[in-house]
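To keep things clear, I will list the structure first and then write my remarks on it.
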Amino acid sequence: MSTDTLPAKEAAAPAASGPVARGRNTLRSKRRRDALRTLAFMSPWLIGFGFFFVYPMASTVYFSLMRYDGLNPPQWRGLDNWAYVFSDFPQFWPALQNTLWLCVVMVSCRVLFGLGIGLLITKIKSGAGVFRTLFYLPYLAPPVAATLAFVFLLNPGTGPVNSLLEAVGLPAPAWFNDAAWAKPALTVLAVWGVGDLMVIFMAALLDVPKEQYEAAQLDGAGPWQRFRHITLPNISPIILFAVVTGIISAMQYYTQPIVAAKVASGKMGGSGEVFVPGYPDDSTLTLPQLVYNLGFSQFNYGAACVIALVLFAFSMAFTALLMRRRGGLIGSGD
């Protein structure tokens, strides 16, 4: 290569850097505009997320470290509220056990019954609309009215359920008046109102391709094999949705146990009467009841915030576990 061409190339290098630099600046400006446009479209969600999640969560953490009764200014207490709830508050552990029991047993029963009824109705050739309506109507009943009806139906002395059980020679439990039967009675009440899950599962079952069932029948697959290898993999996302939303609802279970305890105990908590939740023997006590009782009856907002954070932590842990182990819990779609 001739040495005369080197100065020309070196002189052309600075001239070429101008268009390259302008191109880079243009690219940065475009990316910045795209980011601002995306942020503008997301701003309603970001504002709502900040006001309705970040701020309440930060406030809950803040007040869990304070002594606050809603009237006087907050006073710093550090981890004293946490130590009080976990060590010195006797109702916390029974409420936690009851809440976890409801998350496991009640949610499992609702999912199984909802799936079973959905399968049954999709197989009915005639009258499916009537059965669908009959199973869905209980879900529309208000929680308080439904709980009142169940308490009277399951009354150990005058309830028709126990009268029928005694007539056929079966033992008649005390239901809501017996600590061993109170949570099973709440589970029966929850299963009675399983119409919402029935509709969801019916929609998922009807969406399964019929060609897969026909191919499985040609291969000699029986009903259980078709259900295991075709139905479950296809509806696994719906089962996951039902379990996760059911656990979140169980973590917020408040109305039914408090109403059942009040009616069964005969203490409706009227004017001047203080009702301690959990009748009988803390068997119907749940963590949301403790949050309300500590915060709005005893004005101990610090301890109430601690229990609220425990509820949030358990909800996130259950959800994360189910999402991570989806294939092992409900089958995979492979």
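Numbers for residues simply follow the sequence, beginning at 1. Nothing here was measured: the structure is a model prediction, and the numbers come from that model.
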Would you say that [X] contacts [Y] through its side chain, given a criterion of any heavy-atom pair below 4.5 Å between the two side chains?
X      : Y      : answer
Leu232 : Ile239 : yes
Thr319 : Leu322 : no
Ile258 : Tyr292 : no
Val291 : Phe296 : no
Trp82  : Ser64  : yes

Give me the ring orientation class for Phe314 and Phe318: parallel if the planes are under 30° apart, tilted from 30 to 60°, perpendicular past 60°.
-> tilted

Mind checking whether Trp45 and Phe49 have parallel, tilted or perpendicular rings, split at 30° and 60°?
-> parallel

Are any side-chain N or O atoms of [X] and backbone N or O atoms of [Y], one a donor and one an acceptor, separated by less than 3.5 Å?
X      : Y      : value
Asn81  : Val306 : no
Trp93  : Phe86  : yes
Asn162 : Pro173 : yes

Determine, step by step, whether Asp34 and Arg31 satisfy the salt bridge (charged side-chain N to carboxylate O under 4.0 Å, His left out) criterion, reporting the C-alpha distance in whole Å, the side-chain angles of both residues, the deciding distance to 0.1 Å, and the verdict.
-> CA-CA 5 Å; Asp34 291 342; Arg31 290 177 177 175; over 6 Å; no

[Y] reachable from [X] in the ILVMFWY side-chain graph, under 4.5 Å edges:
X      : Y      : value
Met202 : Leu134 : no
Leu112 : Ile121 : no
Val188 : Tyr279 : no

Are [X] and [Y], when compared by the centres of their aromatic rings, separated by less than 6.0 Å?
X      : Y      : result
Phe51  : Tyr55  : no
Tyr301 : Phe63  : no
Phe176 : Trp181 : no

Just wondering, are more than 12 heavy atoms of other shown residues or ligands nearer than 6.0 Å to OH in Tyr139?
-> no

Evaluate the criterion ring-ring contact (aromatic ring centres under 6.0 Å, His included) for residue pair Trp192 and Phe150; output intermediate values, then yes/no.
-> CA-CA 10 Å; Trp192 178 71; Phe150 257 75; 5.3 Å; yes

Lys/Arg cation over aromatic Phe131: Lys123, 6.0 Å, 45° cone | no

Sequence neighbours excluded, which residues qualify as side chain to side chain contact (heavy atoms under 4.5 Å, CB included) partners of Ala180?
-> Asp178

Step by step, would you call Phe89 with Phe92 a ring-ring contact (aromatic ring centres under 6.0 Å, His included)?
-> CA-CA 6 Å; Phe89 188 49; Phe92 172 74; 7.6 Å; no

